[in-house]
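All chains are named by letter (A, B, ...) in the order of the sequence lines, taking the proteins before the strands, and each is independently numbered beginning at 1.
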There are 2 protein chains.
Amino acid sequence: MSTIKDVAKLAGVSVATVSRIINDSPNVSPATRKKVERVIKEINYQPNQVARTLYQKKSRMIGIIIPDLNNRFYAQIIDGIQSILQKKGYSALISFSANSNKKNYLNFINEFQKNNIDGIITAAFDLPATLNLATPLVMYDSANIDDNVARIVSDNIKGGKDCISLLQNQATRVMIQHWPLRLPTVRERVESLVNELNKLNIPYILKKVSENDPEKAAQEVLKKSNRFDAVIAVNDIYAAEIIKEAQRRNLKIPADFQLIGYDNNVLCEYTTPTISTIDQQPKLIGQTAARRLLDLINGKKSSQNSIINVIPIKRNSTY
Amino acid sequence: MSTIKDVAKLAGVSVATVSRIINDSPNVSPATRKKVERVIKEINYQPNQVARTLYQKKSRMIGIIIPDLNNRFYAQIIDGIQSILQKKGYSALISFSANSNKKNYLNFINEFQKNNIDGIITAAFDLPATLNLATPLVMYDSANIDDNVARIVSDNIKGGKDCISLLQNQATRVMIQHWPLRLPTVRERVESLVNELNKLNIPYILKKVSENDPEKAAQEVLKKSNRFDAVIAVNDIYAAEIIKEAQRRNLKIPADFQLIGYDNNVLCEYTTPTISTIDQQPKLIGQTAARRLLDLINGKKSSQNSIINVIPIKRNSTY
DNA sequence: CTGAAAGCGCTTACAG
DNA sequence: CTGAAAGCGCTTACAG
């Protein structure tokens with residue numbers, strides 16, 4: 001790899017002048033600019049980003065933390081983040097926090113900082129109060145918490161409403177399958193569901209299920225199949241398992257009960273029946289996260305959380 | 001962020017000594033080592049990786065190129081790569097080449113090199129002969145080509161054989177749905193299928209289908225549904241679309257025809273019938289790619305391609 | 001408009 | 001075992 005010195009020597013100027021040219025400084029005569037640019041092209045000189053970073057403390061690199069790439073939801077968020085970063089000339093340093101424990105997060109942030117990243121995009125987690133991060137940071141997949149962290153929040157309130165409206169007033173008892181309420185996003189959505197049902201005077205059952213075993217979770221729900229005519233599942237995978245379990249029990253969907261998933265996984269199109277669900281627009285979540293981070297990096301602060309709209313998708317598991 | 005100078009001053013030694021200690025050099029007295037280590041812990045000093053990289057030309061960063069994160073297959077490969085890199089203390093700089101055109105690839109490689117990455121893991125593409133890469137490079141999702149590129153190759157020969165054996169000698173005419181044969185991996189697999197069928201004296205039909213429209217591809221295949229009793233689909237998504245199209249035409253699987261996918265997508269478990277398929281072990285592909293790259297970086301060369309075993313998965317779309 | 005010099009935070013010969 | 005110095009490849013005041 002050739003360096004700025006090589007260019008300077010070949011063009012017969014100082015390295016300072018070359019530096020001015022590759023940084024688009026206006027204080028260069030057109031003649032020398034032309035001369036130097038020709039040499040740059042000729043030897044295909046690429047400035048060493050590492051040296052630049054060392055001086056400028058700007059790496060044009062963003063650190064990203066994701067819980068799990070096997071989950072399409074997160075994969076699409078990354079996709080959205082990248083689509084923005086690439087356009088703006090930023091690179092992405094990506095880490096996976098398989099079990100999403102806090103220690104892992106802090107380690108990753110440390111690693112990022114060693115590499116002088118300009119900002120961090122991470123799934124929501126509790127930032128220890130002691131950690132006073134100078135690095136701009138955005139959290140996605142977060143609940144709508146009002147602190148001074150920039151949060152990208154799926155509109156869980158509307159998500160709950162949309163689920164209920166997908167039921168088309170055809171439900172008389174609703175089973176809400178959910179993950180533990182200590183998860184803030186779960187709480188937001190369940191509260192919204194409960195609110196809506198109360199408004200409509202429709203009774204409901206809350207069923208907390210395991211976080212890692214959708215098959216068992218389906219059994220837990222269908223044990224009580226005589227007590228509801230609609231199920232709102234944790235997400236699409238959980239809904240798909242409920243379909244399988246219903247087949248085993250010879251229950252028809254939506255005739256015996258309507259079923260609603262969450263996330264609009266590709267899967268929804270291929271089950272029988274296809275699954276009505278809520279699209280969280282993960283790509284848009286990612287894009288929004290990236291835009292907000294770049295804003296923060298460029299000094300544009302805004303204390304508001306970004307609320308991302310959700311879209312109900314009607315398929316054959318509801319009327 | 002504190003620097004090596006801060007540590008040196010606080011510990012009353014030179015920066016050279018501090019450097020020796022953070023690099024585990026043996027030539028340091030236990031007393032000074034202890035003294036310095038205490039300071040390091042006290043002020044939570046983290047060496048600046050960027051400065052280290054500038055001097056050493058080793059960044060402990062790997063550049064990774066993926067065609068598409070929305071495809072679970074690639075997402076799992078990344079997962080495998082990361083699991084190894086993280087263990088070895090490497091970071092991953094990731095780029096997405098949405099349309100996988102060659103120019104994109106070369107741009108990404110350029111970007112990587114500006115950041116002094118130590119090596120590259122990329123999906124297979126034609127390296128221009130002019131490009132003489134000094135950087136270690138490994139290609140995954142590649143055909144078994146014999147040049148001096150380190151390639152990670154799915155065992156497409158066995159993949160073809162496994163498809164045929166999933167049919168359990170119950171097929172008399174086989175429809176092979178495939179992408180264009182100009183794709184080397186496609187060619188490998190189709191050749192293997194044809195070989196096997198010839199050996200067994202089973203007639204077959206080759207049907208080339210669109211690369212982007214699985215639904216249309218399903219229609220193209222089922223137009224000829226009276227002419228076969230087994231379909232080997234491009235992959236699991238294509239197989240799932242064939243199931244949907246068969247439902248529309250009131251055809252039963254496997255009674256009217258057996259069906260085989262490829263990739264072992266989660267989807268396979270949730271269709272009716274569930275889909276028999278071939279698992280390419282994408283996580284293992286990723287792990288192998290990472291291991292081979294680290295070997296290359298550490299000077300352990302091997303001209304052989306790594307062949308990754310595939311695993312047939314029997315479900316209900318075959319007998 | 002241009003160049004010599006200092007400095008970003010490290011590492012590593014070199015000398016002692 | 002330890003430190004002063006040079007250097008990795010850049011950028012940016014400073015002086016002219």
Side-chain angles (χ1 to χ4, degrees), chain A residues 1-37 39-40 43-61 89 110-118 134-135, chain B residues 1-37 39-40 43-61 89 91 110-118 134:
Chain A
M1 295 286 270
S2 43
T3 73
I4 198 169
K5 270 192 199 165
D6 302 327
V7 177
K9 195 170 296 175
L10 285 169
V13 297
S14 72
V15 294
T17 299
V18 177
S19 174
R20 286 189 192 100
I21 286 166
I22 58 184
N23 286 293
D24 288 323
S25 156
N27 313 317
V28 185
S29 82
T32 43
R33 178 180 301 274
K34 191 152 293 171
K35 193 170 53 177
V36 172
E37 276 172 349
V39 174
I40 289 178
I43 66 174
N44 187 28
Y45 165 67
Q46 307 269 8
N48 181 328
Q49 181 60 46
V50 172
R52 287 179 138 176
T53 300
L54 182 59
Y55 189 92
Q56 301 179 130
K57 316 276 178 252
K58 299 231 166 112
S59 60
R60 297 192 79 76
M61 261 191 318
N110 243 320
E111 289 298 319
F112 288 157
Q113 291 186 320
K114 278 193 209 167
N115 284 302
N116 290 25
I117 44 88
D118 295 343
T135 317
Chain B
M1 295 287 269
S2 42
T3 71
I4 197 170
K5 269 192 200 164
D6 302 327
V7 177
K9 193 169 297 174
L10 285 170
V13 298
S14 72
V15 294
T17 299
V18 178
S19 175
R20 286 191 190 97
I21 287 166
I22 60 184
N23 286 294
D24 289 323
S25 156
N27 312 318
V28 184
S29 81
T32 44
R33 178 179 301 273
K34 191 152 293 175
K35 193 170 52 175
V36 171
E37 276 172 348
V39 174
I40 289 179
I43 67 174
N44 188 28
Y45 165 68
Q46 306 270 7
N48 183 328
Q49 181 59 45
V50 171
R52 289 179 137 175
T53 301
L54 182 58
Y55 188 94
Q56 302 180 133
K57 316 279 179 250
K58 300 228 165 115
S59 60
R60 297 191 79 76
M61 261 192 317
S91 305
N110 242 319
E111 289 298 319
F112 287 157
Q113 290 186 321
K114 278 193 208 168
N115 284 304
N116 289 26
I117 45 86
D118 295 343

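For B:Gln46, the side chain to side chain donor-acceptor pair (under 3.5 Å) criterion is met by A:Asn110, not counting sequence neighbours. For B:Leu10, the side-chain contact (heavy atoms from CB on, under 4.5 Å) partners two or more places apart in sequence, or in a different chain, are B:Val39, B:Ile43. Judged as a side chain to side chain donor-acceptor pair (under 3.5 Å), and not counting sequence neighbours, A:Arg60 has no contacts. Under the side chain to side chain donor-acceptor pair (under 3.5 Å) criterion, A:Asn115 pairs with no residue, sequence neighbours left out. Residues passing the salt bridge (Lys or Arg N to Asp or Glu O under 4.0 Å) test with A:Lys114 are A:Glu111, sequence neighbours excluded. The side chain to side chain donor-acceptor pair (under 3.5 Å) test applied to A:Ser59 returns A:Asp118, not counting sequence neighbours.
Using a 4.0 Å cut-off on heavy atoms, the residues of residues 48-57 of chain A that approach DNA chain C are A:Leu54, A:Tyr55, A:Lys57, listed by number. For the segment residues 110-118 of chain A, the set of residues with a heavy atom within less than 4.0 Å of an atom of DNA chain D is empty. Contacts with DNA chain D (heavy atom under 4.0 Å) in residues 3-16 of chain B: B:Val13, B:Ser14, B:Ala16, listed by number.
Contacts of B:Thr17 with the nucleic acid, taken as non-hydrogen atoms under 4.0 Å apart, involve only primed sugar atoms and P, OP1 or OP2. Residue contacts for B:Ser29: at a heavy-atom cut-off of 4.0 Å it reaches the sugar-phosphate backbone alone, with no base atom in range.
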>> Both atom distances under 3.5 Å, Watson-Crick or G-U wobble: I'd like the secondary structure of DNA chain D as a dot-bracket string, with | for pairs made across strands.
In response: |||.||||||||.|||
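Nucleotides of DNA chain C that come within less than 4.0 Å of any heavy atom of chain A span, from the 5' end to the 3' end, C:dC1 to C:dG9.
Here side-chain hydrogen bond (donor to acceptor under 3.5 Å, both in side chains) pairs that include residues 1-11 of chain A, with residues two or more places apart or in two chains, number zero.
Judged purely by atom type and a 3.5 angstrom limit, B:Asn23 has no side-chain atom pairing as donor or acceptor with the backbone of B:Ser25.
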